[in-house]
Every structure is written in structure tokens, then in C-alpha cells.
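Structure first, then comments.
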Protein chains: 2
Amino acid sequence: MKTRDRIVETAKRLFNESGTGSVTTNHIAAAAGISPGNLYYHFRNKEDIIRAIFDEMVAYGREGFTSIAFAPVSDPLRSMEEIFRFIQNFNRRYIFFKRELPSLVLGDPVLKERYKASHQATLALVRASVDRAVQTGFLRPLDEEERQGLAEMSWLIALFWINYLEVSGEKIDESSLERGIAISRMLIEAFMGREDISRE
Amino acid sequence: MKTRDRIVETAKRLFNESGTGSVTTNHIAAAAGISPGNLYYHFRNKEDIIRAIFDEMVAYGREGFTSIAFAPVSDPLRSMEEIFRFIQNFNRRYIFFKRELPSLVLGDPVLKERYKASHQATLALVRASVDRAVQTGFLRPLDEEERQGLAEMSWLIALFWINYLEVSGEKIDESSLERGIAISRMLIEAFMGREDISRE
DNA sequence: GTCTATAAGCGGATAGAC
DNA sequence: GTCTATCCGCTTATAGAC
């Protein structure tokens, strides 16, 4: 494994454990088994390392997310669950980023722009997925505002569920993440067609 | 204004502007117009100041929230909007806390416990409000799991809407906060009674 | 590419005078 | 209660040898 990659991997692990604030470049170098000077040969500073992790994260996320989102859908509800499950594992993998996102983008304009772009791209995917579900009749007819609102709500819950668990003091494990999935399903079901009623 | 209070006020302002990470005790002392030594006479360290702000925040929130939540309700949907509006302004007022909450509770076990307690108390209020709405027939009949899920969804959106706006790169102003209210209303309406259907 | 050594600066925190 | 002075430790970042 190349030194540069080892720095990124090590930094990611340490950041997830203790947060970017308390992890120094010296800690990263020591944990990666290299000298501080060597670290600075590969990166200008800590911010630079964080950006590198971010870029890795975006690439990883785009790949996983689009491959699921564009797969042929037989059961939309199940498909939604799979996407949500992927996002939760994704968030866990880069949890320091989830924890510190507002602060990090606040302090780094470059990161802010990059994040904004990837955020909007993903939201557009969710929105497209909602539109498809309306067209196929899986969801009941929704106007423009409702479709956008549903997309944003789903996305918001997917994004922040792990933070919600953390600040609630709940453990982050299979069962608590499953609760998030159950809640998202509830949301979707509330906007599904009403055949059950119209048959009465 | 007492020195201690001026420290808390100044710290809150600086934290909201720049985050707790880049604001030092020296900055706070300078901005408050006192010496660093004096600051340390009133507080043991920065963590101690953050806890003081937190306690103020909890008191402010409890007061506002319960007074709205227990007011007589004529129009539940409007009442919900008011609560949401209060929470949004509350979040804006202590926005550094919203931004850094996961990190802060991660690094301070005392804060973690205090936050958890206030979080659960508030969630219980939301849950009670949902139960009332079901009993009065404003919401359609929902089972235990659905009521809990709806309470948590509403609470999650109220809590994280401002973070969602920030990481999206959207401005935080009246109109973007109003969008959050519209979305919450959409959520509630999706769980309302179905008189509109049953009349068909 | 990698190391050692170190400069430079800052933040946290305390001692002691007033 | 408040100030000045100061110390310690740590972090960032660079210079220069290998």
C-alpha cells in the first residue's frame, strides 16, 4: 500500500475514533508508522488530508448509490430499504464526517462547494426515484411540491438518522439502524396509493 | 451585567460565528473585555463554559417549548407549525451547538448525559402530542409503533432541518425555514384522517 | 521518499500582586 | 474580582541530511 494511501486510511480511522479536532498530524504520522516530515511531503496540512478522505468518500458513495438506484426495481419498497441500508453503512464508515459536517464545510470553502455539489446530485437521484414511483402508480398522485418535499424528507432522514441515534445516546448497531429503515418505510407507505381504502 | 454572564454571552456569540474549535479562551476574554486570568477565575476551562451555555439553552428551550405545547389547541396543524417555528428560531440562536452536537457529546460525558435527558424529555412531549391528536381524531388511528415513528420523524426533522439547510449550502432565513415548516405539515397531513376519501 | 531535528507560535492554565 | 506575567506543552510546518 502506498504511503499516501496509508496516511488517508490511518487518518480516517483516527478521525472516526476521536474526531478531527483532537487528532494531530503527529498522531496520524505515528499511527501510520512514518515520520511527521514524511506526512508533510505527501500533504500540505490536515485540511488537505480531510479533503482527500472526502474525495474518496464521494467516489465510494457515488458508485454504490447509483448502482442500487438504477437497478431494475421489482418491489419499490424493498428497493428503498436497500438504498437506505447502504446509506446507513456508508454513514457509519465515514462517521466523523457525518458528525462534523457542518463545522467542516463552515471552515473550508473548497470542501463546502464539493459537498454541495455531491449533495445536490444525490438529492436529484432521490427526486427522480420519487417521480418514477409516482408515474408507475406505486405512490399516489403527488404534485410538484409534494414530490420535492417527500424526496427531501426521505433524504434528510437517511442523512441524519445516524446523528439522531448518536445524540439520543442510542447504540449504533444493526437493530437501531433497522429502526431507521422501519421509519422510512412508514413515511413511504403514508404516500402510497389508497387501494386499501377505495376498495371499502 | 455580571462578568460571568458576559463571558457566557460573548462565548456564545463567538462560537456561533466561528465554532468552538477555533475560538480560544483568550479570544473570549479579549472580546469580553477582560483578562485571561479573570476568565479562569469564573470558569475552570472552555468545556466548563460550553456546559454553562448548554444549561442556559436547556432552560430557555424548556420554557418556550412547554408553554407552547401545553397551550389549548384549536387548530392542531397551526399549533404544530408554531412549535416548529419556535424550534427553528431556537436552533438558530444556539446554532454552534447544533453544528457540533455529535462531537461535543462525544468528547464530554457530562454533556452527553445532560443532553440525552433533555432530548428524551422533549421527545416524550412530542409523543404525547401525537397521542392526543390520535385520540381527538385529528390523526387517523395509528398503532403504537406508528405513533412512536411519527413522533420521531417529526422530531428528527425539527432538529436537523437547520443542519440540512446548512450542508445543502442554502441560506438560513425566513423563507428556507418556512420550507421546513411546509414539509413538516406535509408529513402530518399524510397521517391525518381520511374523511376526504371516505366521503367519495 | 523518508528521516531527524528544530523553529516558531499558540493555547491552556496558574501564581501572585492589587 | 481582576489584572499582569509567565510557564508548560503541544502542534504545525520547514530545513536539510540520507
Side-chain angles (χ1 to χ4, degrees), chain A residues 1-56 96-97 99-100 103-112, chain B residues 1-56 96-97 99-100 103-112:
Chain A
M1 197 178 195
K2 298 190 75 143
T3 301
R4 199 194 133 94
D5 297 334
R6 206 160 73 250
I7 294 170
V8 172
E9 278 309 299
T10 308
K12 185 167 68 175
R13 181 170 57 77
L14 295 182
F15 289 160
N16 279 338
E17 284 167 16
S18 322
T20 59
S22 55
V23 174
T24 71
T25 49
N26 281 1
H27 293 147
I28 299 169
I34 62 169
S35 68
N38 194 2
L39 183 145
Y40 278 91
Y41 173 80
H42 290 281
F43 292 94
R44 278 183 58 246
N45 49 37
K46 199 160 85 175
E47 197 173 50
D48 204 22
I49 300 176
I50 294 175
R51 288 183 191 161
I53 299 176
F54 175 77
D55 290 341
E56 180 204 299
F96 87 90
F97 226 102
R99 289 188 186 122
E100 305 180 28
S103 312
L104 290 175
V105 302
L106 190 74
D108 182 351
V110 173
L111 202 59
K112 187 189 176 97
Chain B
M1 197 177 194
K2 298 191 73 149
T3 300
R4 198 195 133 95
D5 296 334
R6 207 160 72 250
I7 294 170
V8 172
E9 278 308 299
T10 307
K12 185 168 67 175
R13 181 171 57 78
L14 295 182
F15 288 161
N16 279 338
E17 283 167 16
S18 322
T20 59
S22 53
V23 174
T24 72
T25 49
N26 282 1
H27 294 147
I28 298 170
I34 62 170
S35 67
N38 195 2
L39 184 145
Y40 278 92
Y41 172 80
H42 290 281
F43 292 95
R44 278 182 57 246
N45 50 37
K46 198 159 87 174
E47 196 173 53
D48 204 21
I49 300 175
I50 294 174
R51 287 183 192 162
I53 299 176
F54 175 77
D55 291 340
E56 180 203 299
F96 86 90
F97 226 102
R99 290 188 186 119
E100 305 181 27
S103 312
L104 290 175
V105 302
L106 190 74
D108 182 350
V110 173
L111 202 59
K112 188 189 174 99

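Using a 4.0 Å heavy-atom criterion, one finds that B:Thr24 contacts the sugar-phosphate atoms exclusively.
Each of B:His42 and A:Tyr41 has a nearest nucleotide on DNA chain D; the 5'-most of these lies closest to B:His42.
B:Asp5 places no side-chain N or O within 3.5 Å of a backbone atom of B:Met1 that could act as its donor or acceptor partner. The backbone N or O of A:Phe43 lies less than 3.5 Å from no partner atom in the side chain of A:Arg4, so there is not a single donor-acceptor pair. No side-chain donor-acceptor contact under 3.5 Å links A:Glu47 to the backbone of A:Asp108.
Atom P of nucleotide C:dG1 and atom CE of A:Met1 are separated by 15 Å, given to the nearest angstrom. Nucleotide D:dT11 holds its P atom 18 Å from the CD atom of A:Glu47, rounded to whole Å. The distance from atom CG of A:Leu39 to atom P of D:dT11 is 14 Å, rounded to the nearest whole Å. We find that CZ of A:Phe43 is positioned 15 Å from C1' of C:dT2, with the value rounded to whole Å.
Separation of atoms OG1 (B:Thr3) and CD1 (B:Ile34) is listed at 6.5 Å; rounding is to 0.5 Å. With rounding to the nearest 0.5 Å, the separation of CD1 in A:Ile49 from OG1 in A:Thr10 is 9.5 Å. Here A:Thr24 contributes atom OG1 and A:Leu39 contributes atom CG; the two are 9.5 Å apart, rounded to the nearest 0.5 Å.
With axes fitted over five pairs at each extremity, the angle between the ends of the helix from C:dG1-D:dC18 to C:dC18-D:dG1 is 0° (10° resolution).
A ring pair (Phe, Tyr, Trp, His ring centres under 6.0 Å) check over residues 4-42 of chain B, counting only residues at least two apart or in different chains, returns the pairs B:Phe15-B:Phe96. Contacts classified as salt bridge (charged side-chain N to carboxylate O under 4.0 Å, His left out) and involving residues 12-30 of chain B (residues at least two apart or in different chains) are given here: B:Glu9-B:Lys12, B:Lys12-B:Glu56, B:Arg13-B:Glu17.
A heavy-atom distance below 4.5 Å is not found between the side chains of A:Phe54 and A:Val105.
Remark: A:Asp55 pairs with A:Arg114 by the salt bridge (Lys or Arg N to Asp or Glu O under 4.0 Å) rule, at least two apart or across chains.
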Could you write out each protein N or O paired with an N or O of nucleotides 13-17 of chain C at a distance under 3.5 Å?
unit_1, atom_1, unit_2, atom_2, d
C:dA13, OP2, B:Tyr40, OH, 3.3

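Within residues 4-20 of chain A, no residue has a heavy atom under 4.0 Å from DNA chain C.
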Handout entry: Criterion side-chain contact (heavy atoms from CB on, under 4.5 Å) on A:Thr25 and A:Asn45, from CA distance to verdict
Key = CA-CA 8 Å; A:Thr25 49; A:Asn45 49 37; over 6 Å; no

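Side-chain N/O atoms of B:Asn38 include none lying less than 4.0 angstrom from OP1 or OP2 on D:dG1.
Side-chain proximity of B:Ser35 to D:dT4, D:dT11, C:dT2: nearest is D:dT4.
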